[in-house]
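Worksheet: one structure, shown below.
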Protein chains: 2
Amino acid sequence: MVLSLGMMRAMSDAPRTARAVARAELTRAILDSATQQLAEVGPAALSVRAVARDLGMASSAVYRYFASRDDLLTALLVEAYDDLGAAVEEADAAVTDRDDVAARWRATAGAVHDWARAHPHRYALTYGSPVPGYAAPQDTVEPATRAPRVLLQLLADALAAGRGVRDLGGRVDPAEVAATGPISAVTEPPLPPEATVRALAVWATLFGHVSLELFGHMNNAVLDYDTHFATVVDLAAYDLGLA
Amino acid sequence: MVLSLGMMRAMSDAPRTARAVARAELTRAILDSATQQLAEVGPAALSVRAVARDLGMASSAVYRYFASRDDLLTALLVEAYDDLGAAVEEADAAVTDRDDVAARWRATAGAVHDWARAHPHRYALTYGSPVPGYAAPQDTVEPATRAPRVLLQLLADALAAGRGVRDLGGRVDPAEVAATGPISAVTEPPLPPEATVRALAVWATLFGHVSLELFGHMNNAVLDYDTHFATVVDLAAYDLGLA
DNA sequence: CACAAACTGTGAGCACTGCTCTCGTTTCGT
DNA sequence: ACGAAACGAGAGCAGTGCTCACAGTTTGTG
């Protein structure tokens, strides 16, 4: 039986039989080899046969673990989301003064930037162009929400402390409140719609910047990415009402 | 001789011999077939052999026109940039009241959004993840600047009319002025550094939003993309000092 | 006009890919 | 202990990008 991603996780908790533990180890080895290949040759050139060669097994055996090359890529995708999410959560948690929401935002944004530059191919896998007609499996949505959740929560904390955007000069109409409804509810307490909208726009700015930088669209416009990124993050902090 | 992209353009101006015009026509036919394939199966699955089959020729013959599959994709890339650039320029030019810079910005942003949704695969080709280790050929940079140039120019026009962001509360330091220097000089007159920085941030917001929307990262957050996009664009207009 | 050089299309072929299927072996649950 | 499930190996299919030698055509020039 070819395991789903959800089963992979449940399995890693309690590998009972010898076969199950062997399976878990080999699954891990395949993912590690694939991750390495991903970093070396990129997603397009990732080859099941090369992974099999690397592990000294027949290519057909790999299909006992991942039903297709796309399934393997999806597993890497989930791991990448989780890795990024963990990096962002750690960066935010590392800010000792929890009331310094501006610092928490800078740490969050910096973590995204740093992670993306450290793992460009994994970033491309997650936030680049998906395989056309590709619908992200349900397994990917929860890990994908970890990073943005940090931003939303720190904004909620800011609002609780009397800072942060509360209104946008009447620029958010009822239809927009409905349109962004689902995302407002992920924090405790829920964000006001205006704050949610600003947060989404800032999120788009952050990933837009990282994508434009990593994908080479700023080569002739910006000479020093670090300086420019810091400025953009500061602007976003201002827009979010944190600074 | 396999033609470069630059030669392709020069050639299409003055096809003298019968052979040259046949070559131009077949080059065009290959590009058209490839564009159609691109829309149907996406960039990853675009196949030289399939294009050849579509045109009823041997696959090896295609290589007389494009040295490799990547070269063919690069040609499609350049055409996509040009197409998007033209759409944006037309949308801006269609605003009869040239002093209504907010309307021009909405038209510009809307053109990007509309074009991307009409040609998702071509958008992915231009603003999605590039082939890893891929350095955009010099042929692509000029067409790629057409769209952002519209934003920069309309902001310059706004400033000339007494509107638009002039300073950002001292948030732009000298290093940043140097970092974004090259881009400030593309308008006439040149933009103040603060305006350039804001424009770049807004540009990142725009493409960040379109990418997140098209690549499926907002599926569980936003219910109505049109409404949300309009709000984000309005926010950007406010940030740019246009509204 | 003649002719060599350049160009163009063909088909065979190489190395590679994702994936399937069958086969024998090993391990598991009962 | 035994049947079922899982496993790994190898052959094989259909497809890919790309190269090459070959044949035919067009071109600009002597």
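So that the names make sense, note that chain A is the first sequence line, chain B the second, and so on, each numbered from 1. This is a predicted model, so every value here is computed, not measured.
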Fill in: Base versus backbone protein contacts along nucleotides 22-30 of chain C [heavy-atom cut-off under 4.0 Å; B, S, -]
B---BBSS-
Worksheet item: Any idea which heavy atoms bring B/L46 and B/A34 closest together, and the distance?
Response: CD1-O, 3.5 Å
Discussion item. When you compare the side chains of A/E213 and A/H228, does any donor N or O come within less than 3.5 Å of an acceptor on the partner?
Written reply: no
Discussion item. Is the distance between the ring centroids of B/Y123 and B/Y127 under 6.0 Å?
Written reply: yes
Item to complete: Test the A/R146-A/Y81 pair against the cation-pi criterion, namely NZ or CZ under 6.0 angstrom from the six-membered ring centroid and within 45° of the ring axis.
Response: no
Worksheet item: Under 4.0 angstrom, heavy atoms only, what part of the nucleic acid is A/L72 near: base, sugar-phosphate, or nothing?
Response: nothing
Discussion item. Assess whether a salt bridge exists between A/R49 and A/D54, defined as any Lys/Arg side-chain N lying under 4.0 Å from an Asp/Glu carboxylate O.
Written reply: no
Worksheet item: Expressed in angstrom and rounded to an integer, what is the separation of A/R53 atom CZ from D/dG8 atom P?
Response: 18 Å
Fill in: No-H, no-angle donor-acceptor pair, B/R49 side chain to D/dG17 base, under 3.5 Å
yes
Worksheet entry | Out of D/dA9, C/dG9, D/dC7, whichever nucleotide has its closest atom nearest the side chain of A/Y65 | D/dC7
Fill in: Spacing of A/L46 atom CG relative to D/dT16 atom C1', expressed in whole Å
17 Å
For nucleotides 1-5 of chain C, tabulate all protein N/O to nucleotide N/O atom pairs closer than 3.5 Å, reporting atom names and distance.
none

Discussion item. Using a heavy-atom cut-off of 4.0 Å across all strands, would you classify A/R69 as base, sugar-phosphate, or nothing?
Written reply: sugar-phosphate
Worksheet item: Thinking salt bridges, do A/R117 and A/D226 make one under a 4.0 Å N-O criterion?
Response: yes
Discussion item. Please report the distance, rounded to the nearest Å, between OH in A/Y63 and P in C/dT20.
Written reply: 7 Å
Fill in: Mutual orientation of the aromatic rings belonging to B/H113 and B/F229 [parallel < 30°, tilted 30-60°, perpendicular > 60°]
parallel
Worksheet, complete the sentence: Here the distance between atom P of C/dT8 and atom CZ of B/F66, to the nearest Å, is 13 Å
Worksheet item: Nearest to the side chain of B/L26 - D/dA6, C/dG9, D/dG17?
Response: C/dG9
Discussion item. I need the CG-P distance between A/D70 and C/dT17, as an integer number of Å.
Written reply: 16 Å
Worksheet item: Counting side-chain heavy atoms from C-beta on, which of C/dT20, C/dT17, D/dC18 comes nearest to A/S60?
Response: C/dT20
Worksheet, complete the sentence: CG of A/L84 to CG of A/D114, rounded to nearest 0.5 Å, is 11.0 Å
Worksheet entry | Value rounded to 0.5 Å, distance of CG in A/L151 from CG in A/L206 | 8.5 Å
Item to complete: Would you sketch DNA chain C in dot-bracket for me? Only Watson-Crick or G-U wobble pairs with both distances under 3.5 Å count, crossing pairs as [ ], other-strand pairs as |, the rest as dots.
Response: ||||||||||||||||||||||||||||||
Discussion item. Tell me whether A/T108 contacts the main-chain N or O of A/V88 through its side chain, where contact means a donor paired with an acceptor under 3.5 Å.
Written reply: no
Worksheet item: Are B/R23 and C/dC7 close enough that a side-chain N or O sits under 4.0 Å from OP1 or OP2?
Response: no
Fill in: B/I30 CD1 - C/dT8 P separation (whole Å)
11 Å
Practice prompt. Using a 4.0 Å heavy-atom cut-off across all strands, classify B/L55 as base, sugar-phosphate, or nothing.
Written response: nothing
Fill in: A/S47 side chain near C/dG18 phosphate (N/O to OP1/OP2, under 4.0 Å)
yes
Practice prompt. Remember a base hit wins even if backbone is also touched, and classify B/S68 as base, sugar-phosphate or nothing at under 4.0 Å, heavy atoms.
Written response: sugar-phosphate
Worksheet item: How long is the gap from CD on A/Q37 to CD on A/E40, to the nearest 0.5 Å?
Response: 7.0 Å
Worksheet item: How is A/A61 classified with respect to the nucleic acid when contacts are heavy atoms under 4.0 Å: base, sugar-phosphate, or nothing?
Response: sugar-phosphate
Item to complete: Only one of A/I183, A/L152, A/T205 passes side chain to side chain contact (heavy atoms under 4.5 Å, CB included) with A/L200; say which it is.
Response: A/I183
